[in-house]
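Ligands are counted one by one from 1 in listed order, and the atoms in each one are counted from 1 as well. It should be emphasised that the depicted structure is a prediction, and the values quoted were computed from it without experimental measurement.
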Amino acid sequence: MDISQRKRTLLKVIVLGDSGVGKTSLMNQYVYKKYSPQYKATIGADFVTKEVQVDDKLVTLQIWDTAGQERFQSLGAAFYRGADCCVLVYDVNIPKTFETLNNWHDEFLKQANPNDPEVFPFVLVGNKIDIDGVNSRMVSEKKAREWCASRGNIPYFETSAKEGYNVDVAFLCAAKTALENEHQQIIYFPGISETVSETEQRSTCAC
Ligand SMILES: Nc1nc2c(ncn2[C@@H]2O[C@H](COP(=O)(O)OP(=O)(O)OP(=O)(O)O)[C@@H](O)[C@H]2O)c(=O)[nH]1
Ligand SMILES: [Mg+2]
């Protein structure tokens, strides 16, 4: 068996944003293709995993769904460490959830303390675009894209967890940007002793 088929890449993705923006719903839609209109606040943080194919690579995404409500952030932000990508979520119908993005972004970098914060991969998601009605949409796409540009060209997606719109592409983008992040972690299948890291392979490669 070719060595590349035996190892998998684990990518840790943290989903952050104000309470009620739809973090859990996005994750449930992405992983289980399920949506519930009932709101049940997340307590602490939990993760689910999903296998995805990114180009020719099989990747295990470990997606951490976190509590937006401060009183339920019992774990603190200890689990931000080792993250490969951060997905920031806001509700396009509620300006306050957009205004707090700076806090989420900066607090994440402070706690995760990545080697190179300037290039750490983020993805911005504007959720609940299905809500239709007078004055429902409060944050324009332009404004969101400007914020992304000012923060080092963060990729932006408008989604509906309810309708499953754009959810897959947003998480796939998170996986792609995370893969490009140099701090990816390689998992080796147990019992295979001859595996070597890509770096080691490269350094001994004759070509
Ligand atoms: N119309 C609509 N409602 C949504 C959408 N996504 C989530 N909701 C609803 O918004 C409410 C909050 O969604 P959650 O996914 O629980 O929000 P959360 O960000 O996980 O909230 P916390 O766990 O408190 O941080 C629920 O009632 C969802 O059904 C969406 O895309 N469209
Ligand atoms: Mg939640």
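The shortest contact between atom 16 (O) of ligand 1 and any protein heavy atom is with Tyr39 CD1, 3.3 Å. What sits closest to atom 20 (O) of ligand 1 on the protein, heavy atoms only, is Thr24 OG1, 2.8 Å. Of all protein heavy atoms, the one closest to atom 31 (O) of ligand 1 is Ala161 N, 2.8 Å. From the protein, the heavy atom lying nearest to atom 21 (O) of ligand 1 is Gly20 N, 2.9 Å. Looking only at protein heavy atoms, the nearest one to atom 10 (O) of ligand 1 is Lys128 NZ, 2.9 Å. Remark: minimum distance from atom 27 (O) of ligand 1 to any protein heavy atom is reached at Pro37 O, 2.8 Å.
In this structure the side chain of Phe98 never reaches within 4.5 angstrom of the side chain of Val21, judged on heavy atoms. In this structure, the side chains of Gln29 and Lys34 stay at 4.5 Å or more apart for every pair of heavy atoms. Proximity of Val31 to Ile63: side-chain heavy atoms (C-beta onward) are separated by under 4.5 Å at one or more points. Contact of the Ile129 side chain with the Tyr165 side chain is registered, since non-hydrogen atoms from C-beta on lie closer than 4.5 Å.
Checked by distance only, ligand 1 and Gly17 stay at 3.5 Å or farther apart across all their nitrogen or oxygen atoms. Considering both main-chain and side-chain atoms, Asp65 never comes within under 3.5 Å of ligand 1 through any nitrogen or oxygen pair.
Of all atoms in ligand 1, numbered sequentially from 1 with element shown, those under 4.0 Å from a heavy atom of Ser160 are 31 (O). Here is the list of ligand 1 atoms found below 4.0 Å of a heavy atom in Asp130: 1 (N), 2 (C), 30 (C), 31 (O), 32 (N). Taking a cut-off of under 4.0 Å to the non-hydrogen atoms of Ile131, the atoms of ligand 1 that pass are 1 (N). The ligand atoms of ligand 1 that sit less than 4.0 angstrom from a heavy atom of Ala67 are 25 (O).
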Which atom pairs, one a donor and one an acceptor, fall under 3.5 Å between side chains of residues 12-19 and the rest of the protein, sequence neighbours left out?
from	atom 1	to	atom 2	distance (Å)
Lys12	NZ	Phe79	O	2.7
Lys12	NZ	Arg81	O	2.8
Asp18	OD1	Thr100	OG1	3.0
Asp18	OD1	Trp104	NE1	2.8
Asp18	OD2	Lys96	NZ	3.3
Asp18	OD2	Thr100	OG1	2.9
Ser19	OG	Tyr39	OH	2.8

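The residue among Ala41, Ser19, Gly22, Gly164 with a heavy atom at the shortest distance from atom 17 (O) of ligand 1 is Gly22. Counting only non-hydrogen atoms, the option in Tyr35, Tyr90, Tyr165 that gets closest to atom 9 (C) of ligand 1 is Tyr35. When the heavy atoms of Val15, Asn127, Val167, Ile129 are ranked by distance to atom 6 (N) of ligand 1, first place goes to Asn127. Counting heavy atoms only, Ser25 comes closest to atom 13 (O) of ligand 1 of the residues Gly68, Ser25, Ser36.
In this pair, Phe122 and Phe108 present their aromatic rings perpendicular. The plane angle is above 60°, beyond the 30 to 60° band.
If you run side chain to side chain contact (heavy atoms under 4.5 Å, CB included) between Pro155 and each of Leu124, Thr177, Val169, only Thr177 comes through.
Of all the heavy atoms of Asn28, none lies under 4.0 Å from any atom of ligand 1, so neither backbone nor side chain is involved. Contacts between Gln38 and ligand 1, counted as non-hydrogen atom pairs separated by less than 4.0 Å, involve the backbone only.
A cation-pi arrangement, defined by a distance under 6.0 Å to the six-membered ring centre and an angle within 45 degrees of its axis, is present between Lys50 and Tyr30.
Glu180 has no carboxylate O lying under 4.0 Å from a charged side-chain N of Lys176, or vice versa, which leaves the two without a salt bridge. Using a cut-off of 4.0 Å between Lys/Arg side-chain N and Asp/Glu carboxylate O, Glu107 and Lys110 are scored as salt-bridged.
Listed by chain and number, the protein N, O or S atoms at a distance under 2.8 Å from the Mg ion (ligand 2) are Thr24 OG1, Thr42 OG1.
The main-chain N or O of Ala67 is found under 3.5 Å from a side-chain atom of Gln73 such that the two form a donor-acceptor pair. Although no hydrogens or angles enter the test, the distance criterion places a donor-acceptor pair under 3.5 Å between the side chain of Asp91 and the main chain of Asn93.
The closest side-chain donor-acceptor pair between Thr49 and Thr60, if any, does not fall under 3.5 angstrom.
Minimum heavy-atom separation, Val167 to Ala161: CG2-CA, 4.2 Å.
By the rule that hydrophobic residues join a cluster once side-chain heavy atoms approach within less than 4.5 Å of another member, Phe171 and Val52 end up as members of one cluster.
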